[in-house]
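Everything below concerns the one structure shown next.
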2 protein chains.
Amino acid sequence: MYSGGVDAAERLVESTRVLLWERGYVGTSPRAIQAHAGVGQGSMYHHFDGKAALARAAIERTAAELRAAADAQLGADAPALARVEAYLRRERDVLRGCPVGRLTQDPDVMADAELRRPVEQTFTWLRARLGDVLAEGVAAGELVGLDAAVTAATIVAVLQGGYVLARAAGSGVPFAQAVDGLLALLAAHAAPAGPLGPAD
Amino acid sequence: MYSGGVDAAERLVESTRVLLWERGYVGTSPRAIQAHAGVGQGSMYHHFDGKAALARAAIERTAAELRAAADAQLGADAPALARVEAYLRRERDVLRGCPVGRLTQDPDVMADAELRRPVEQTFTWLRARLGDVLAEGVAAGELVGLDAAVTAATIVAVLQGGYVLARAAGSGVPFAQAVDGLLALLAAHAAPAGPLGPAD
DNA sequence: GTCTATACTTAGATAGAC
DNA sequence: GTCTATCTAAGTATAGAC
(Lines give C-alpha, C1' and ligand atoms only; values in the text may rest on other atoms or scores of the structure.)
Protein backbone atom coordinates (compact mmCIF):
# COMPACT_ATOMS: atom_id res chain seq x y z
CA MET A 1 0.00 0.00 0.00
CA TYR A 2 1.30 3.34 -1.13
CA SER A 3 1.39 6.50 0.89
CA GLY A 4 3.70 9.43 0.83
CA GLY A 5 2.97 12.62 2.66
CA VAL A 6 0.43 13.41 0.00
CA ASP A 7 -3.31 13.65 -0.38
CA ALA A 8 -5.71 10.98 -1.49
CA ALA A 9 -6.05 12.16 -5.08
CA GLU A 10 -2.30 12.06 -5.54
CA ARG A 11 -2.00 8.62 -3.98
CA LEU A 12 -4.78 7.35 -6.22
CA VAL A 13 -3.05 8.52 -9.38
CA GLU A 14 0.29 7.04 -8.34
CA SER A 15 -1.30 3.75 -7.38
CA THR A 16 -3.13 3.64 -10.67
CA ARG A 17 0.15 4.18 -12.50
CA VAL A 18 1.75 1.28 -10.70
CA LEU A 19 -1.17 -1.07 -11.26
CA LEU A 20 -1.62 -0.14 -14.90
CA TRP A 21 2.03 -0.92 -15.46
CA GLU A 22 1.79 -4.24 -13.66
CA ARG A 23 -1.60 -5.52 -14.73
CA GLY A 24 -2.88 -3.26 -17.49
CA TYR A 25 -6.20 -1.47 -17.61
CA VAL A 26 -8.42 -4.51 -17.99
CA GLY A 27 -6.63 -6.23 -15.13
CA THR A 28 -6.86 -3.31 -12.72
CA SER A 29 -10.00 -2.87 -10.63
CA PRO A 30 -11.08 0.22 -8.71
CA ARG A 31 -10.98 -1.88 -5.54
CA ALA A 32 -7.36 -2.80 -6.18
CA ILE A 33 -6.50 0.84 -6.73
CA GLN A 34 -8.22 1.87 -3.51
CA ALA A 35 -6.44 -0.85 -1.55
CA HIS A 36 -3.05 0.08 -3.00
CA ALA A 37 -3.59 3.75 -2.31
CA GLY A 38 -5.05 3.16 1.14
CA VAL A 39 -8.07 5.20 0.15
CA GLY A 40 -11.70 4.31 0.61
CA GLN A 41 -14.40 3.80 -1.98
CA GLY A 42 -16.16 7.07 -1.25
CA SER A 43 -12.96 9.04 -1.37
CA MET A 44 -11.99 7.66 -4.74
CA TYR A 45 -15.35 8.47 -6.32
CA HIS A 46 -15.25 11.90 -4.76
CA HIS A 47 -11.98 12.76 -6.51
CA PHE A 48 -12.51 10.93 -9.79
CA ASP A 49 -15.49 10.07 -11.95
CA GLY A 50 -14.47 6.44 -12.11
CA LYS A 51 -11.86 4.04 -13.37
CA ALA A 52 -11.49 5.65 -16.79
CA ALA A 53 -10.94 9.12 -15.36
CA LEU A 54 -8.31 7.84 -12.97
CA ALA A 55 -6.59 5.92 -15.73
CA ARG A 56 -6.55 9.01 -17.87
CA ALA A 57 -4.72 11.01 -15.23
CA ALA A 58 -2.31 8.14 -14.64
CA ILE A 59 -1.56 7.54 -18.31
CA GLU A 60 -1.03 11.20 -19.07
CA ARG A 61 1.44 11.50 -16.23
CA THR A 62 3.30 8.37 -17.25
CA ALA A 63 3.50 9.55 -20.85
CA ALA A 64 4.85 12.94 -19.80
CA GLU A 65 7.44 11.24 -17.64
CA LEU A 66 8.57 9.04 -20.49
CA ARG A 67 9.05 12.05 -22.74
CA ALA A 68 11.03 13.89 -20.10
CA ALA A 69 13.23 10.87 -19.50
CA ALA A 70 13.96 10.48 -23.20
CA ASP A 71 14.76 14.16 -23.51
CA ALA A 72 17.35 13.85 -20.77
CA GLN A 73 19.53 11.76 -23.07
CA LEU A 74 18.42 12.89 -26.50
CA GLY A 75 18.80 16.56 -25.66
CA ALA A 76 22.29 16.26 -24.20
CA ASP A 77 25.24 18.15 -25.57
CA ALA A 78 26.95 15.31 -27.42
CA PRO A 79 27.28 13.82 -30.90
CA ALA A 80 24.07 12.31 -32.27
CA LEU A 81 25.16 8.70 -32.08
CA ALA A 82 26.39 9.15 -28.52
CA ARG A 83 23.00 10.56 -27.53
CA VAL A 84 21.20 7.65 -29.16
CA GLU A 85 23.49 5.20 -27.42
CA ALA A 86 22.99 6.90 -24.06
CA TYR A 87 19.26 6.69 -24.58
CA LEU A 88 19.37 3.02 -25.56
CA ARG A 89 21.65 2.04 -22.71
CA ARG A 90 19.96 4.05 -20.04
CA GLU A 91 19.12 2.12 -16.91
CA ARG A 92 15.70 0.56 -17.34
CA ASP A 93 13.43 -1.68 -15.39
CA VAL A 94 13.48 -4.03 -18.35
CA LEU A 95 11.45 -6.90 -16.91
CA ARG A 96 8.56 -4.63 -16.04
CA GLY A 97 8.29 -3.58 -19.65
CA CYS A 98 7.41 -0.15 -20.99
CA PRO A 99 4.55 1.46 -19.06
CA VAL A 100 3.29 3.20 -22.19
CA GLY A 101 3.99 0.48 -24.75
CA ARG A 102 2.12 -2.14 -22.74
CA LEU A 103 -1.04 -0.08 -23.05
CA THR A 104 -1.15 -0.74 -26.78
CA GLN A 105 -2.15 -4.30 -25.87
CA ASP A 106 -5.05 -3.13 -23.76
CA PRO A 107 -8.20 -3.28 -25.87
CA ASP A 108 -10.19 -1.01 -23.55
CA VAL A 109 -7.45 1.62 -23.65
CA MET A 110 -7.23 1.59 -27.42
CA ALA A 111 -11.02 1.76 -27.70
CA ASP A 112 -11.24 4.94 -25.59
CA ALA A 113 -10.03 8.02 -27.45
CA GLU A 114 -9.10 9.87 -24.25
CA LEU A 115 -6.95 7.00 -22.99
CA ARG A 116 -5.47 6.22 -26.32
CA ARG A 117 -4.38 9.71 -27.30
CA PRO A 118 -1.40 9.99 -24.90
CA VAL A 119 -0.18 6.58 -26.01
CA GLU A 120 -0.31 7.51 -29.67
CA GLN A 121 1.25 10.91 -29.06
CA THR A 122 4.08 9.50 -27.02
CA PHE A 123 5.31 7.25 -29.79
CA THR A 124 4.74 9.83 -32.49
CA TRP A 125 6.77 12.29 -30.46
CA LEU A 126 9.52 9.79 -29.67
CA ARG A 127 10.02 8.77 -33.29
CA ALA A 128 10.17 12.39 -34.32
CA ARG A 129 12.58 13.26 -31.53
CA LEU A 130 14.93 10.44 -32.45
CA GLY A 131 14.55 11.30 -36.12
CA ASP A 132 15.67 14.85 -35.39
CA VAL A 133 18.74 13.65 -33.54
CA LEU A 134 19.68 11.34 -36.40
CA ALA A 135 19.05 14.07 -38.95
CA GLU A 136 21.39 16.35 -37.02
CA GLY A 137 24.03 13.65 -37.12
CA VAL A 138 23.61 13.26 -40.86
CA ALA A 139 23.72 17.02 -41.41
CA ALA A 140 26.90 17.24 -39.36
CA GLY A 141 28.50 14.53 -41.45
CA GLU A 142 28.77 12.38 -38.37
CA LEU A 143 26.34 9.77 -39.67
CA VAL A 144 26.36 8.55 -43.25
CA GLY A 145 23.79 6.87 -45.43
CA LEU A 146 20.94 6.74 -42.95
CA ASP A 147 17.30 7.63 -43.53
CA ALA A 148 16.55 9.45 -40.28
CA ALA A 149 12.78 8.88 -40.05
CA VAL A 150 12.91 5.23 -40.91
CA THR A 151 15.89 4.53 -38.68
CA ALA A 152 14.16 6.29 -35.80
CA ALA A 153 11.25 3.86 -36.13
CA THR A 154 13.71 0.98 -36.06
CA ILE A 155 15.32 2.26 -32.89
CA VAL A 156 12.05 2.71 -31.02
CA ALA A 157 10.94 -0.72 -32.21
CA VAL A 158 14.09 -2.35 -30.90
CA LEU A 159 13.40 -0.93 -27.46
CA GLN A 160 9.76 -1.93 -27.42
CA GLY A 161 10.52 -5.35 -28.83
CA GLY A 162 13.42 -5.74 -26.44
CA TYR A 163 10.98 -5.42 -23.55
CA VAL A 164 8.83 -8.15 -25.07
CA LEU A 165 11.79 -10.50 -25.45
CA ALA A 166 12.98 -9.80 -21.93
CA ARG A 167 9.58 -10.51 -20.43
CA ALA A 168 9.22 -13.68 -22.49
CA ALA A 169 12.64 -14.88 -21.33
CA GLY A 170 12.27 -13.68 -17.78
CA SER A 171 15.68 -12.09 -18.22
CA GLY A 172 17.19 -8.81 -19.28
CA VAL A 173 19.68 -10.54 -21.55
CA PRO A 174 17.72 -10.52 -24.82
CA PHE A 175 16.95 -6.83 -24.35
CA ALA A 176 20.66 -6.08 -24.00
CA GLN A 177 21.43 -8.22 -27.04
CA ALA A 178 18.84 -6.49 -29.18
CA VAL A 179 20.32 -3.12 -28.21
CA ASP A 180 23.89 -4.30 -28.76
CA GLY A 181 22.94 -5.64 -32.17
CA LEU A 182 21.31 -2.37 -33.12
CA LEU A 183 24.26 -0.27 -31.98
CA ALA A 184 26.63 -2.49 -33.93
CA LEU A 185 24.55 -1.94 -37.05
CA LEU A 186 24.43 1.82 -36.46
CA ALA A 187 28.19 1.97 -35.87
CA ALA A 188 28.75 0.98 -39.48
CA HIS A 189 27.22 4.31 -40.45
CA ALA A 190 29.40 6.47 -38.26
CA ALA A 191 31.80 8.59 -40.30
CA PRO A 192 35.39 7.66 -39.48
CA ALA A 193 36.47 10.45 -37.15
CA GLY A 194 39.68 12.04 -38.32
CA PRO A 195 41.89 14.02 -35.90
CA LEU A 196 39.86 17.10 -36.76
CA GLY A 197 36.50 15.47 -36.24
CA PRO A 198 33.52 15.17 -38.58
CA ALA A 199 34.41 18.33 -40.46
CA ASP A 200 37.76 16.85 -41.36
CA MET B 1 -19.74 -16.63 -33.55
CA TYR B 2 -17.39 -19.21 -34.93
CA SER B 3 -18.35 -22.54 -36.40
CA GLY B 4 -16.78 -24.67 -39.02
CA GLY B 5 -17.85 -28.21 -39.64
CA VAL B 6 -16.03 -29.17 -36.49
CA ASP B 7 -16.81 -30.32 -32.98
CA ALA B 8 -17.28 -28.25 -29.88
CA ALA B 9 -13.80 -28.78 -28.44
CA GLU B 10 -12.22 -27.57 -31.66
CA ARG B 11 -14.46 -24.54 -31.89
CA LEU B 12 -13.65 -23.67 -28.29
CA VAL B 13 -9.91 -23.74 -28.90
CA GLU B 14 -10.19 -21.63 -32.05
CA SER B 15 -12.44 -19.13 -30.35
CA THR B 16 -10.06 -18.90 -27.42
CA ARG B 17 -7.21 -18.20 -29.82
CA VAL B 18 -9.12 -15.36 -31.39
CA LEU B 19 -10.16 -13.82 -28.09
CA LEU B 20 -6.73 -14.16 -26.49
CA TRP B 21 -5.29 -12.34 -29.47
CA GLU B 22 -7.89 -9.59 -29.30
CA ARG B 23 -8.34 -9.10 -25.58
CA GLY B 24 -5.64 -11.07 -23.79
CA TYR B 25 -6.09 -13.64 -21.07
CA VAL B 26 -7.26 -11.30 -18.34
CA GLY B 27 -9.76 -9.71 -20.73
CA THR B 28 -11.25 -12.97 -21.94
CA SER B 29 -14.03 -14.61 -19.95
CA PRO B 30 -15.31 -18.17 -20.27
CA ARG B 31 -18.70 -16.75 -21.16
CA ALA B 32 -17.21 -14.78 -24.04
CA ILE B 33 -15.48 -17.90 -25.31
CA GLN B 34 -18.69 -19.91 -25.14
CA ALA B 35 -20.61 -17.23 -26.96
CA HIS B 36 -17.96 -16.91 -29.68
CA ALA B 37 -17.79 -20.67 -30.14
CA GLY B 38 -21.54 -21.13 -30.00
CA VAL B 39 -21.06 -23.70 -27.26
CA GLY B 40 -22.87 -23.94 -23.97
CA GLN B 41 -21.49 -23.70 -20.46
CA GLY B 42 -21.85 -27.39 -19.75
CA SER B 43 -20.20 -28.36 -22.98
CA MET B 44 -17.20 -26.18 -22.34
CA TYR B 45 -16.62 -27.55 -18.86
CA HIS B 46 -17.10 -31.06 -20.17
CA HIS B 47 -14.23 -30.67 -22.65
CA PHE B 48 -11.91 -28.48 -20.59
CA ASP B 49 -11.13 -28.09 -16.93
CA GLY B 50 -11.62 -24.34 -17.10
CA LYS B 51 -10.29 -21.14 -18.53
CA ALA B 52 -6.62 -21.94 -17.93
CA ALA B 53 -6.83 -25.35 -19.60
CA LEU B 54 -8.50 -23.86 -22.65
CA ALA B 55 -5.96 -21.07 -22.82
CA ARG B 56 -3.16 -23.59 -22.64
CA ALA B 57 -4.46 -25.48 -25.65
CA ALA B 58 -4.99 -22.24 -27.53
CA ILE B 59 -1.58 -20.78 -26.74
CA GLU B 60 0.25 -23.95 -27.63
CA ARG B 61 -1.46 -24.10 -30.97
CA THR B 62 -0.78 -20.45 -31.70
CA ALA B 63 2.88 -20.86 -30.77
CA ALA B 64 3.24 -23.90 -33.02
CA GLU B 65 1.64 -21.99 -35.87
CA LEU B 66 4.01 -19.08 -35.42
CA ARG B 67 7.01 -21.38 -35.58
CA ALA B 68 5.73 -23.09 -38.70
CA ALA B 69 5.07 -19.75 -40.37
CA ALA B 70 8.56 -18.50 -39.60
CA ASP B 71 10.09 -21.70 -40.88
CA ALA B 72 8.33 -21.24 -44.19
CA GLN B 73 10.55 -18.25 -44.95
CA LEU B 74 13.62 -18.98 -42.87
CA GLY B 75 13.97 -22.51 -44.21
CA ALA B 76 13.66 -21.57 -47.87
CA ASP B 77 16.37 -22.30 -50.40
CA ALA B 78 17.81 -18.82 -50.74
CA PRO B 79 20.68 -16.68 -49.48
CA ALA B 80 20.52 -15.85 -45.76
CA LEU B 81 19.69 -12.18 -46.14
CA ALA B 82 16.97 -12.94 -48.67
CA ARG B 83 15.38 -15.34 -46.22
CA VAL B 84 15.50 -12.78 -43.44
CA GLU B 85 13.99 -10.18 -45.71
CA ALA B 86 11.24 -12.54 -46.82
CA TYR B 87 10.48 -13.23 -43.18
CA LEU B 88 10.42 -9.56 -42.25
CA ARG B 89 8.29 -8.54 -45.20
CA ARG B 90 5.87 -11.40 -45.02
CA GLU B 91 2.22 -10.38 -45.05
CA ARG B 92 1.13 -9.73 -41.48
CA ASP B 93 -1.97 -8.57 -39.72
CA VAL B 94 0.10 -5.79 -38.22
CA LEU B 95 -2.62 -3.90 -36.39
CA ARG B 96 -3.71 -6.98 -34.51
CA GLY B 97 -0.23 -7.39 -33.10
CA CYS B 98 1.64 -10.61 -32.45
CA PRO B 99 -0.59 -13.26 -30.87
CA VAL B 100 2.33 -14.66 -28.89
CA GLY B 101 4.15 -11.44 -28.07
CA ARG B 102 1.03 -9.82 -26.62
CA LEU B 103 0.84 -12.56 -24.01
CA THR B 104 4.04 -11.28 -22.40
CA GLN B 105 1.93 -8.34 -21.18
CA ASP B 106 -0.59 -10.62 -19.53
CA PRO B 107 0.31 -10.93 -15.86
CA ASP B 108 -1.82 -14.04 -15.33
CA VAL B 109 -0.17 -15.78 -18.27
CA MET B 110 3.32 -14.99 -17.08
CA ALA B 111 2.43 -16.14 -13.56
CA ASP B 112 1.28 -19.58 -14.73
CA ALA B 113 4.19 -21.83 -15.71
CA GLU B 114 2.05 -23.91 -18.10
CA LEU B 115 0.84 -20.86 -19.97
CA ARG B 116 4.12 -19.12 -19.94
CA ARG B 117 6.29 -21.94 -21.24
CA PRO B 118 5.11 -21.84 -24.87
CA VAL B 119 5.60 -18.08 -24.94
CA GLU B 120 9.13 -18.32 -23.64
CA GLN B 121 9.99 -21.23 -25.92
CA THR B 122 8.65 -19.52 -28.99
CA PHE B 123 10.96 -16.56 -28.65
CA THR B 124 13.93 -18.64 -27.62
CA TRP B 125 13.38 -20.80 -30.68
CA LEU B 126 12.86 -17.84 -33.00
CA ARG B 127 16.04 -16.07 -31.92
CA ALA B 128 18.00 -19.29 -32.36
CA ARG B 129 16.45 -19.97 -35.76
CA LEU B 130 17.28 -16.49 -37.02
CA GLY B 131 20.72 -16.74 -35.48
CA ASP B 132 21.37 -19.93 -37.43
CA VAL B 133 20.32 -18.32 -40.68
CA LEU B 134 22.60 -15.35 -40.05
CA ALA B 135 25.47 -17.63 -39.04
CA GLU B 136 25.06 -19.52 -42.31
CA GLY B 137 25.26 -16.24 -44.18
CA VAL B 138 28.42 -15.29 -42.34
CA ALA B 139 29.96 -18.72 -42.92
CA ALA B 140 29.15 -18.47 -46.62
CA GLY B 141 30.84 -15.07 -46.80
CA GLU B 142 27.54 -13.53 -47.79
CA LEU B 143 27.27 -11.48 -44.60
CA VAL B 144 30.19 -9.65 -43.07
CA GLY B 145 30.93 -8.35 -39.61
CA LEU B 146 27.73 -9.46 -37.90
CA ASP B 147 27.34 -11.15 -34.55
CA ALA B 148 24.63 -13.68 -35.41
CA ALA B 149 23.09 -14.20 -31.97
CA VAL B 150 22.94 -10.55 -31.08
CA THR B 151 21.65 -9.50 -34.49
CA ALA B 152 18.97 -12.15 -34.31
CA ALA B 153 17.70 -10.58 -31.08
CA THR B 154 17.63 -7.21 -32.81
CA ILE B 155 15.60 -8.58 -35.70
CA VAL B 156 12.99 -10.21 -33.49
CA ALA B 157 12.81 -7.06 -31.39
CA VAL B 158 12.16 -4.90 -34.45
CA LEU B 159 9.20 -7.07 -35.36
CA GLN B 160 7.74 -7.12 -31.87
CA GLY B 161 8.34 -3.43 -31.40
CA GLY B 162 6.99 -2.73 -34.86
CA TYR B 163 3.69 -4.19 -33.78
CA VAL B 164 3.64 -1.92 -30.75
CA LEU B 165 4.30 1.17 -32.87
CA ALA B 166 1.65 0.17 -35.38
CA ARG B 167 -0.98 -0.36 -32.71
CA ALA B 168 -0.07 2.93 -31.04
CA ALA B 169 -0.35 4.77 -34.35
CA GLY B 170 -3.40 2.88 -35.56
CA SER B 171 -1.49 2.37 -38.79
CA GLY B 172 0.82 -0.14 -40.37
CA VAL B 173 3.22 2.59 -41.48
CA PRO B 174 5.59 2.65 -38.49
CA PHE B 175 5.90 -1.12 -38.65
CA ALA B 176 6.96 -0.92 -42.30
CA GLN B 177 9.38 1.88 -41.47
CA ALA B 178 10.98 -0.07 -38.65
CA VAL B 179 11.47 -3.03 -40.98
CA ASP B 180 12.79 -0.84 -43.79
CA GLY B 181 15.24 0.80 -41.44
CA LEU B 182 16.46 -2.55 -40.21
CA LEU B 183 16.91 -3.96 -43.71
CA ALA B 184 18.84 -0.86 -44.72
CA LEU B 185 21.17 -1.37 -41.77
CA LEU B 186 21.60 -5.05 -42.58
CA ALA B 187 22.29 -4.30 -46.24
CA ALA B 188 25.48 -2.54 -45.23
CA HIS B 189 26.79 -5.93 -44.10
CA ALA B 190 26.08 -7.80 -47.31
CA ALA B 191 29.26 -8.77 -49.10
CA PRO B 192 29.43 -7.14 -52.52
CA ALA B 193 28.48 -10.00 -54.86
CA GLY B 194 31.05 -10.40 -57.57
CA PRO B 195 30.18 -12.17 -60.86
CA LEU B 196 31.13 -15.46 -59.24
CA GLY B 197 29.08 -14.90 -56.09
CA PRO B 198 30.14 -14.94 -52.44
CA ALA B 199 32.99 -17.38 -53.05
CA ASP B 200 34.52 -15.00 -55.53
C1' DG C 1 -13.76 14.58 2.10
C1' DT C 2 -14.57 10.06 3.75
C1' DC C 3 -17.41 6.14 5.33
C1' DT C 4 -20.85 2.50 4.98
C1' DA C 5 -24.71 0.42 2.76
C1' DT C 6 -26.60 -1.06 -1.22
C1' DA C 7 -27.24 -2.55 -6.09
C1' DC C 8 -26.70 -4.68 -10.36
C1' DT C 9 -23.60 -7.20 -13.50
C1' DT C 10 -20.09 -10.34 -14.68
C1' DA C 11 -16.35 -13.92 -13.67
C1' DG C 12 -15.60 -18.45 -13.00
C1' DA C 13 -17.16 -22.67 -11.70
C1' DT C 14 -20.15 -26.86 -9.83
C1' DA C 15 -24.32 -30.02 -9.84
C1' DG C 16 -27.48 -32.65 -11.63
C1' DA C 17 -31.10 -33.33 -15.25
C1' DC C 18 -31.62 -34.83 -20.02
C1' DG D 1 -22.15 -34.45 -24.60
C1' DT D 2 -25.09 -30.64 -23.65
C1' DC D 3 -28.47 -27.92 -20.97
C1' DT D 4 -30.19 -25.29 -17.07
C1' DA D 5 -29.92 -24.00 -12.36
C1' DT D 6 -27.26 -22.38 -8.83
C1' DC D 7 -23.32 -20.44 -6.15
C1' DT D 8 -19.56 -17.31 -4.28
C1' DA D 9 -16.73 -13.67 -5.29
C1' DA D 10 -15.45 -9.64 -7.64
C1' DG D 11 -16.19 -5.49 -10.78
C1' DT D 12 -18.06 -0.97 -10.94
C1' DA D 13 -20.85 2.31 -9.35
C1' DT D 14 -24.56 5.18 -6.61
C1' DA D 15 -26.78 7.07 -2.24
C1' DG D 16 -26.80 9.05 1.78
C1' DA D 17 -24.90 9.46 6.53
C1' DC D 18 -21.12 11.62 9.11
Side-chain angles (χ1 to χ4, degrees), chain A residues 1-59 103 105-112 114-115, chain B residues 1-59 103 105-112 114-115:
Chain A
M1 157 170 146
Y2 171 85
S3 67
V6 290
D7 64 19
E10 173 61 20
R11 292 210 303 280
L12 284 164
V13 172
E14 282 304 309
S15 292
T16 303
R17 277 171 18 102
V18 168
L19 292 172
L20 284 183
W21 195 355
E22 244 170 49
R23 305 201 34 89
Y25 184 79
V26 170
T28 297
S29 68
R31 292 171 90 91
I33 294 170
Q34 292 152 26
H36 189 277
V39 160
Q41 184 95 327
S43 183
M44 176 187 136
Y45 282 101
H46 171 75
H47 290 289
F48 295 91
D49 270 357
K51 178 177 169 175
L54 243 177
R56 187 178 166 191
I59 292 173
L103 298 172
Q105 304 300 331
D106 233 309
D108 292 0
V109 169
M110 300 313 276
D112 180 325
E114 303 280 294
L115 298 181
Chain B
M1 157 170 146
Y2 171 84
S3 66
V6 292
D7 64 19
E10 174 61 20
R11 290 210 304 280
L12 284 165
V13 173
E14 282 303 310
S15 292
T16 303
R17 277 167 22 99
V18 168
L19 292 172
L20 284 183
W21 195 356
E22 242 170 52
R23 305 202 34 91
Y25 184 79
V26 170
T28 298
S29 68
R31 292 170 91 89
I33 295 171
Q34 293 152 27
H36 188 277
V39 159
Q41 184 96 326
S43 182
M44 177 187 133
Y45 282 102
H46 171 75
H47 291 288
F48 296 92
D49 270 357
K51 178 178 168 174
L54 242 178
R56 187 179 167 191
I59 292 172
L103 298 172
Q105 303 300 332
D106 231 310
D108 293 0
V109 168
M110 300 313 275
D112 179 326
E114 303 279 296
L115 298 181

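Order of the sequence lines sets the chain letters (A, B, ...), proteins ahead of strands, with each chain counted from 1.
- Closest heavy-atom contact between D7(B) and E10(B): OD1-N, 2.9 Å.
- Running 5' to 3' along DNA chain C, contacts with non-hydrogen atoms of chain B at under 4.0 Å begin and end at dA11(C) to dT14(C).
- Taking both residues in full, the closest heavy atoms of V18(B) and H36(B) are given as CG1-NE2, 3.9 Å, listed atom of the first, atom of the second, then distance.
- In terms of heavy atoms, L20(A) sits closest to T28(A) at N-OG1, 4.0 Å.
- The salt bridge (Lys or Arg N to Asp or Glu O under 4.0 Å) contacts involving residues 17-29 of chain B comprise D108(A)-R23(B), E14(B)-R17(B), R17(B)-E65(B), where partners must be two or more places apart or lie in separate chains.
- Near DNA chain D, defined here as any heavy-atom distance below 4.0 Å, the residues from residues 41-56 of chain A are Q41(A), Y45(A), G50(A), K51(A), listed numerically.
- Between the CZ atom of R31(B) and the P atom of dC7(D) there is a distance of 15 Å, rounded to whole Å.
- Listed by residue number, the members of residues 16-28 of chain A with any heavy atom below 4.0 angstrom from DNA chain D are T28(A).
- Put simply, the side chain of T16(B) never gets that close to the backbone of L54(B): no donor and acceptor are under 3.5 Å apart.
- Closest non-hydrogen pair, V26(A) versus G27(B), comes out as CG1-CA, 3.6 Å.
- In terms of heavy atoms, L12(A) sits closest to A37(A) at CD2-CB, 3.9 Å.
- Screening residues 28-52 of chain A for salt bridge (Lys or Arg N to Asp or Glu O under 4.0 Å), with sequence neighbours left out, gives no hits.
- Rounding to whole angstrom units, CD of residue Q34(A) and P of dA13(D) are separated by 10 Å.
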Extract all donor-acceptor atom pairs below 3.5 Å that involve side chains of residues 38-45 of chain B and protein atoms in other chains or at least two apart in sequence.
| residue | atom | partner | partner atom | Å |
| --- | --- | --- | --- | --- |
| Q41(B) | OE1 | Q34(B) | NE2 | 2.9 |

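- Heavy-atom minimum distance, D106(A) versus Y25(A): OD2-N, 2.6 Å.
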